[in-house]
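Within every chain, numbering begins at 1; the chains are lettered A, B, ... in the order of the sequence lines, protein sequences first and strands thereafter.
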Amino acid sequence: MAEYSRQVDAKWQRRWAETGLYSFDPDRVDEKLYCLSMFSYPSGAKLHIGHWWNYGLTDSWARMKRLQGYEVFEPMGFDAFGLPAENYAIDTGIHPRESTMTNIDTMRKQLQAMGAMFDWDYEVVTCEPGYYRWTQWLFLQLYRAGLAYRAKSPVNWCPGCNTVLANEQVHDGSCERCDAEVRQKNMTQWFFKITEYADDLLGGLDRLDWPEETKRMQRNWIGRSEGANIRFPLVGKQGEHIEAFTTRADTLFGATYLVLAPEHPLVDVLTTEKQKEEVIAYRDYAASKSERERLATEREKTGVFTGGYAEHPLTGEHLQVWIADYVLLSYGTGAIMAVPGHDERDFEFAEKFDLPIPRVIAAREDDIDDSLPYTGEGVMQNSKEFSGLTSSDGRQEVVGTLEEQGLGEETISYRLRDWLVSRQRYWGAPIPVVHCPHCGVVPVPEEQLPLTLPDEVDFTPEGTSPLAQCEEFMQTECPECGHKARRDPDTLDTFVDSSWYFLRYPDNRNEEEPFDSGWIDRMLPVDQYVGGAEHAVMHLLYARFITRVLFDLGYVNFTEPFEALVHQGVILGPDGYKMSKSRGNIVSPDDYVEEYGSDVFRLYLAFGFNYVEGGAWDDAGIQATRRFLDRVERWVNRLQTLLSNRPGSGSPQRSEITEELEYYWHNGIRKATEDAEVFQFNTAVARMMELTNALYKYDTEIPDQEKDIQLLENATRDLLLLLAPFAPHFAEEMWEIFGGEYSIFDQQWPEHDPQKLVQSEIEIAVQVNGRVRDTICIPPDASEEEIREIAESSERVQKYLTGEIKKTIVVPGRLINFVV
RNA sequence: GCCGAGGUGGCGGAAUUGGCCUACGCGUGCGACUCAAAAUCGCAUGGGGCUUUGCCCCUUGUGGGUUCGAAUCCCACCCUCGGCACCA
């Protein structure tokens, strides 16, 4: 009986390794297909279901591509720097390098046991000097190109631990370790100028074969908006002005006050002696709020008057200048003109603080409710000579007038901010610059890379980046003037590591350069990228940005790194919630793999869920796939018996059952191929089950001497090929029993015969007023007239055909609908 | 709060994108095989009702709308999930 087991996995994994079956052949680069799963972060020691879900099924897709003739490049590696290893070290004293490397060893073994086609010769580990050397190189390229700069920026500061906190270490405004209230503190940080690429990144999206919702998220994240910067001269401060960005210059005459972000530099200039105390207190209050809190629109508005005034650029009116935390320094100019009549937040604010709320826009059509605040477009009023203009004309006219007077101009603003890449942490790639008292910031010469991360470092939080305490690391000489200088104590965001790893895979051993451009241009872009939707914006945007920079610098000849993208869903716990230790609903793959073998587990993941949506784990389902593989195995053995007892002279009889089998055979090939192509693995497997059922049915219903053994052999052969990507070890084993030549993965993917899908009769529904009343069988080529006749003659239909037929709708191959 | 996705039988999930709701599988029931059970093979199976060879009504989170026809499109609401720039 059932033979497939863990031992079969081991047998074929050994054979594959011995024969180098999955080694990428560079000579066939013209047929290459670069199939990439997002590499894994070695935080836990073991693979979880999510890994199997991502890697196992992407491997199935890649195996199909191999069978279709592609030279598949399927590498794997580890995103090995990052916060969890450092936190673990703080708690346990185990060095991040040690814990990370141990985890990687375990995970690599487990990934091998999965039986995927990963070619480990191309492995990449981001925390190894051989890799981060080139991450540092990348930093230097951006620096030279003027795309890396230093600026002050607020960070989460825990006064208790004396350290910078990640957002996830802040709970309800307090530090997760010591409970102290977290403050926003300005620190000098390195940035990459991703905003310079905002329009390119936006434009590049259109062409990509990515999920529309992901593109939409990226577009929203970039948040391009066209508008104007308008200058409001400060009253009594000659030459100084507030610059405010607005998309609604047509509402300028409705601006009754201005609001600055509390951190805005002009606040000090504007604040009067009388208001000083209040302003300082409010700034302090704002520093305790996170950005997300500040942006919550439902929160009650807060703010204080600075005591200062600015002039309206067109009326000369004096406008109060306030500060409020709903205005962010990081967006636009950090200042807004408040138009309470036509903006929800300004309206709320003005009501609360009793500021005037004039109307300057009226709806154009009467039936629209334009009670204030009216945020729609319309016709300008109470706007001097601009009154009567439409919003869109008005915007142009107003900005034009301002421009003539030097008080404003058209501007495009982005929600996207520059990428903050420095981290005050140990476990990352050191930033390769030197701070020299004479020369300032000096890049480390490329030939001195890698700038190695020292091992002997005390990484418990001490108020600075851990590396700052390591004199051995910090002390250096200026590469330019040779005087004593200090190194930069910060490390790079791990997103920098992962924003170019796909470029390193194909040339991972290169010690001269990050990659050979000529080679990489042939290997990339990635043909299919698969990874979680949680990376829809940040990782995927950063990787696109870096690729474009390298394109502009002449290192690669493509602008987009990932041609096609699929997000796998999430497998939830049996209770329908996300698996987590705290919920205690974690399902570990190990026990299942041990009991059933890798293929049963992989096949269940393929069959039991929608790949893009994921779903709750269900124990019962895995039995079903076990049973299915057993059923296939019994059939393969049964076929061997039939073959050895092949009746000498008996000639095969054609029948309905034969036609049915042929239909399921070829329909199975067609649909399984189409569905697997677009990652619809569950329906692909369903078609294989149907083919298996049809083989059983044929076997039970047709007497042995009348069986078409050739037909059975061909259909079975194709079934095994279809199944191979999803149950690779099992399929090799069956292929061997079947008498096929090693390896099944060197065979050709089957093709369907359209002839076999033509049916002599098709069934369509007959509706009356849109309700199904009967079904009829018609020849596939029947004319509308014929269909109508057959349908009308049905007794069941006639019952409902009372009165005159007003209309008849025929959907070919589907239904006919009478409207009475 | 903002951006994005989702909600279909007892269960996992299908549905050619506006055209027979529930493919395939699980579970359940019945039958065959068996001394018996398991395994296996086959058949049936959305819910309710009736005058039960058959017929009628209802059904895709909730409520409304558009249409000959809606799981699919529109409006409002409820719930779940992903992201929100220092988790990766």
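- If you look at A/Tyr132 and A/Phe81, their ring centroids are closer than 6.0 Å.
- Both A/Trp221 and A/Val811 sit near RNA chain B, but only A/Val811 has its closest nucleotide nearer the 5' end.
- Listed nucleotides B/rG19, B/rG4, B/rG82 differ in distance to A/Ile809; the shortest reach to its side chain belongs to B/rG19.
- With a 4.5 Å cut-off on side-chain heavy atoms, A/Leu603 and A/Phe726 count as touching.
- B/rA36 is unpaired under the Watson-Crick or G-U wobble criterion, no partner having all donor-acceptor distances under 3.5 Å.
- If you check B/rG12 for Watson-Crick or wobble pairing at under 3.5 angstrom, you find it paired to B/rC24.
- Under the Watson-Crick or G-U wobble criterion, with both distances below 3.5 Å, B/rC55 is paired with B/rG49.
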Distance-only check: which donor-acceptor pairs under 3.5 Å involve side-chain atoms of residues 161-169 of chain A, not counting sequence neighbours?
from     : atom 1 : to       : atom 2 : distance (Å)
A/Asn167 : OD1    : A/Asn156 : ND2    : 2.8
A/Gln169 : OE1    : A/Ala166 : N      : 2.8

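- Using a 4.0 Å cut-off, some side-chain N or O of A/Arg216 falls inside it from OP1 or OP2 of B/rA5.
- Between A/Arg627 and B/rC24 there is no side-chain N or O to OP1 or OP2 distance below 4.0 Å.
- Note on A/Arg423: a side-chain N or O is less than 4.0 Å away from OP1 or OP2 of B/rC86.
- Between A/Lys806 and the phosphate of B/rC68, there is no side-chain N or O to OP1/OP2 separation shorter than 4.0 Å.
- Pairing for B/rG42 is with B/rC30, a Watson-Crick or G-U wobble pair whose two hydrogen-bonding atom distances lie under 3.5 Å.
- Per the geometry, CG belonging to A/Asn769 stands 16 Å off C1' belonging to B/rA70, to the nearest Å.
- Considering only side-chain N and O atoms, A/Arg345 lies nowhere under 4.0 angstrom from the phosphate OP1 or OP2 of B/rC2.
- Going from atom CG of A/Leu420 over to atom P of B/rA88 covers 13 Å, rounded to whole Å.
- Comparing B/rG13, B/rC58, B/rC20 against the side chain of A/Asn610 picks out B/rG13 as the nearest.
- A donor and an acceptor atom sit less than 3.5 Å apart, one in the side chain of A/Arg425 and one in the base of B/rC86.
- Close to B/rA88, at under 4.0 Å from its OP1 or OP2, lies a side-chain N or O of A/Thr494.
- A salt bridge links A/Arg294 to A/Glu263: at least one charged side-chain nitrogen sits closer than 4.0 Å to a carboxylate oxygen.
- The base of B/rC86 has none of its N or O atoms less than 3.5 Å from a complementary donor or acceptor on the side chain of A/Gln169.
- With distances taken from any side-chain atom of A/Val772 to the nucleotides B/rG13, B/rC68, B/rC20, the minimum falls on B/rC20.
- When each of B/rC41, B/rC84, B/rC86 is scored by its nearest atom to the side-chain atoms of A/Arg634, the top-ranked nucleotide is B/rC41.
- The CD atom of A/Glu86 sits 10 Å away from the P atom of B/rA88 (whole-angstrom rounding).
- Protein atom CG of A/Leu416 is 19 Å distant from nucleotide atom P of B/rG83, rounded to whole Å.
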Show me the donor-acceptor pairs within less than 3.5 Å that the side chains of residues 536-545 of chain A make with the rest of the protein, sequence neighbours left out.
from     : atom 1 : to       : atom 2 : distance (Å)
A/His539 : NE2    : A/Tyr529 : OH     : 2.8
A/Arg544 : NE     : A/Glu560 : OE1    : 2.8
A/Arg544 : NE     : A/Glu560 : OE2    : 3.3
A/Arg544 : NH1    : A/Leu201 : O      : 3.1
A/Arg544 : NH1    : A/Gln218 : OE1    : 2.8
A/Arg544 : NH2    : A/Leu201 : O      : 2.7
A/Arg544 : NH2    : A/Glu560 : OE2    : 2.8

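- Rounded to whole Å, atom C1' of B/rC24 lies 15 Å from atom CG of A/Leu629.
- When rounded to the nearest whole Å, the span between CZ of A/Arg292 and P of B/rC86 equals 12 Å.
- Between B/rC84 and A/Asn220, no contact under 4.0 Å exists linking OP1 or OP2 to a side-chain N or O.
- Within 4.0 Å of A/Gly608, counting heavy atoms only, lie sugar-phosphate atoms of the nucleic acid but no base atom.
- For B/rU62, the paired nucleotide is B/rA76, the pair qualifying as Watson-Crick or G-U wobble because both relevant distances are below 3.5 Å.
- Glycosidic conformation of B/rU53: anti, with the torsion beyond 90° of 0.
- Rounded to whole Å, atom P of B/rC68 lies 5 Å from atom NZ of A/Lys807.
- The side chain of A/Met538 sits closest to B/rA85 out of B/rU40, B/rG6, B/rA85.
- Counting heavy atoms from C-beta outward, A/Gln767 and A/Arg773 have side chains that stay 4.5 Å or more apart.
- Pair assignment for B/rA70 gives none, since no Watson-Crick or G-U wobble pairing has each distance under 3.5 Å.
- When rounded to the nearest whole Å, the span between NZ of A/Lys671 and C1' of B/rA23 equals 10 Å.
- OP1 or OP2 of B/rC41 lies within a sub-4.0 Å distance of a side-chain N or O belonging to A/Arg631.
- The nucleotide whose nearest atom lies closest to any side-chain atom of A/Leu815 is, among B/rG19, B/rA5, B/rG25, B/rG19.
- On a pure distance criterion of 3.5 Å, no polar donor-acceptor pair joins the side chain of A/Glu293 and the base of B/rG1.
- Comparing atom distances between the A/Arg687 side chain and each of B/rA88, B/rC68, B/rA23 picks out B/rA23 as nearest.
- Nearest to the side chain of A/Val819, among B/rC24, B/rC41, B/rC68, sits B/rC68.
- Within 6.0 Å of OH in A/Tyr696 there are more than 12 heavy atoms belonging to other residues, nucleotides or ligands.
- Classified by its glycosidic torsion, B/rG7 falls in the anti category, the angle being over 90° from 0.
- Both A/Asp418 and A/Asn682 sit near RNA chain B, but only A/Asn682 has its closest nucleotide nearer the 5' end.
- A distance of 6.0 Å or more separates the ring centres of A/Phe818 and A/Tyr800.
- The side chain of A/Ala166 sits closest to B/rC86 out of B/rG1, B/rC26, B/rC86.
- Residue contacts shown for A/Gln189 include a base, since a base heavy atom lies under 4.0 Å away.
- For A/Arg773, whose side chain is taken as the heavy atoms from C-beta onward, the closest listed nucleotide among B/rC57, B/rC86, B/rC58 is B/rC57.
- A/Tyr501 has its ring centre less than 6.0 Å from the ring centre of A/Phe39.
- Using a 4.0 Å cut-off, some side-chain N or O of A/Gln680 falls inside it from OP1 or OP2 of B/rA15.
- Base pairing of B/rC81: its partner is B/rG4, meeting the Watson-Crick or G-U wobble criterion (both donor-acceptor distances under 3.5 Å).
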